[in-house]
Amino acid sequence: LKLEEAMNTGEPVEGIVKDVVKGGLLVDIGVRAFLPASLVERGYVEDLSKYLGQTISARVIEMNQGRKKVILSRKALMEEEYDRLRQEMLDSLEEGQVIKGIVRRLTQFGSFVDIGGVDGLLHISEMSWHRIGHPSEVVKVSDEIEVKVLRIDREKEKISLGLKQVLPNPWDTVEQSYPVDSVITAKVVRLAPFGAFLQLEPGVEGLVHISHLADRHIAKPDEVVTEGEEVSVKVLSIDTAEKRSRLSSREVTRDKQEREYREDKAEKVKEPDDVITIGDMVGNLF
């Protein structure tokens with residue numbers, strides 16, 4: 001009668017796992033009960049023997065008094081606990097909060113992160129300050145990471161997370177690292193009809209406009225540069241608010257030409273001290 005009441009009310013029962021049999025576990029709850037393998041955990045369990053001798057709580061989901069058949073579900077209790085913790089987490093979460101989570105799954109567009117019973121989406125665009133092709137370039141399954149809660153939709157139970165927001169923003173130090181008028185070496189990462197984008201460092205790109213790619217008129221950027229090539233450029237301007245920098249290859253060439261012209265001119269004006277004139281040679285004869 002107690003078991004029948006427990007089944008009707010949903011009250012959990014306790015018992016000791018006595019044996020592993022085909023398809024599940026035998027549990028002593030005062031009578032012998034069967035716990036199917038699919039109802040032991042929320043997920044699949046490969047090795048049931050680890051439960052032998054353990055005292056577990058479960059719910060009675062089926063009874064047949066005539067055949068003395070009792071079926072249990074531990075999964076039902078775990079699902080309820082999971083839902084309770086999930087709701088508590090959803091209620092306590094706030095936008096802007098930084099929390100720890102475990103990476104559970106990767107997709108082409110991002111990764112799903114368990115932040116305490118709730119899965120949040122970490123979109124690929126929020127993973128790094130620089131462009132990445134796949135989430136696996138930044139995280140892997142089972143990684144524990146710190147993320148920032150960007151948006152919460154409590155009705156749909158959707159949470160958007162950010163990883164780059166808890167990492168240093170490279171644009172914060174760009175003006176110090178690449179002063180205006182300095183000449184630097186950067187890699188061509190993308191070509192566009194209007195110019196070439198160069199990577200100064202991961203997360204920081206600059207544009208060399210087509211008019212600044214060469215010291216002559218060109219129709220297309222690929223006439224003078226190719227993707228992956230490293231080139232010397234002059235920093236023309238930095239806009240940290242808009243995350244933009246203007247670069248120039250042409251100015252580097254022009255500066256070099258002007259410098260060479262000045263040096264050549266100085267060489268021609270200067271008269272070396274050790275030049276021997278015809279007068280000196282004739283004078284020595286007499």
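The figures here come from the full heavy-atom set of this structure, side chains too, leaving out hydrogens, waters and symmetry mates. Here, residue 1 is the first one in the sequence, and each next residue gets the next number.
The side chain to side chain contact (heavy atoms under 4.5 Å, CB included) test applied to E155 returns D153, not counting sequence neighbours. Taking the salt bridge (Lys or Arg N to Asp or Glu O under 4.0 Å) definition, one finds that R59 meets it with E80, sequence neighbours left out. Shown here are the salt bridge (Lys or Arg N to Asp or Glu O under 4.0 Å) partners of R42, two or more places apart in sequence or in another chain: E79. A search for side chain to side chain donor-acceptor pair (under 3.5 Å) contacts involving D172 returns nothing, not counting sequence neighbours. Listed by chain and residue number, E81, E88 satisfy the salt bridge (Lys or Arg N to Asp or Glu O under 4.0 Å) test with R84 (two or more places apart in sequence, or in another chain). Contacts of K243 classified as side chain to side chain contact (heavy atoms under 4.5 Å, CB included), with partners at least two apart in sequence or in another chain: W129, N169, W171. Qualifying side chain to side chain contact (heavy atoms under 4.5 Å, CB included) partners for S211, counting only residues two or more places apart in sequence or in other chains: H209. A search for salt bridge (Lys or Arg N to Asp or Glu O under 4.0 Å) contacts involving R104 returns D114, not counting sequence neighbours. For S237, the side chain to side chain donor-acceptor pair (under 3.5 Å) partners two or more places apart in sequence, or in a different chain, are R246.
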Quiz: residues 186-200 side-chain donor-acceptor pairs under 3.5 angstrom, not counting sequence neighbours:
from	atom 1	to	atom 2	distance (Å)
R190	NH2	E205	OE1	2.9

Using residues 27-41 as the side-chain source, report each donor-acceptor pair under 3.5 Å to any protein atom, sequence neighbours left out, with the distance given to one decimal.
from	atom 1	to	atom 2	distance (Å)
D28	OD1	G30	N	3.0
E41	OE2	Y51	OH	2.5
E41	OE2	R74	NH1	3.2

Sequence neighbours excluded and cut-off under 3.5 Å, please list the side-chain donor-acceptor pairs for residues 6-25, or say none.
from	atom 1	to	atom 2	distance (Å)
N8	ND2	E4	O	3.2
T9	OG1	E5	O	2.9
T9	OG1	E11	N	3.3

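Closest approach of H134 to T107, counting heavy atoms only: NE2-O, 3.9 Å. Across E137 and G133, no two heavy atoms sit closer than the pair OE2-N, 2.9 Å.
Without hydrogens or angle criteria, E126 side chain to H123 main chain gives no donor-acceptor distance under 3.5 Å.
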Practice task
Tell me, with the steps shown, if V231 and V208 meet side-chain contact (heavy atoms from CB on, under 4.5 Å).
Solution key: CA-CA 11 Å; V231 294; V208 182; 6.0 Å; no
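For the residue pair Q87 / D83, no side-chain donor-acceptor distance below 3.5 Å is found, with atom types taken as modelled.
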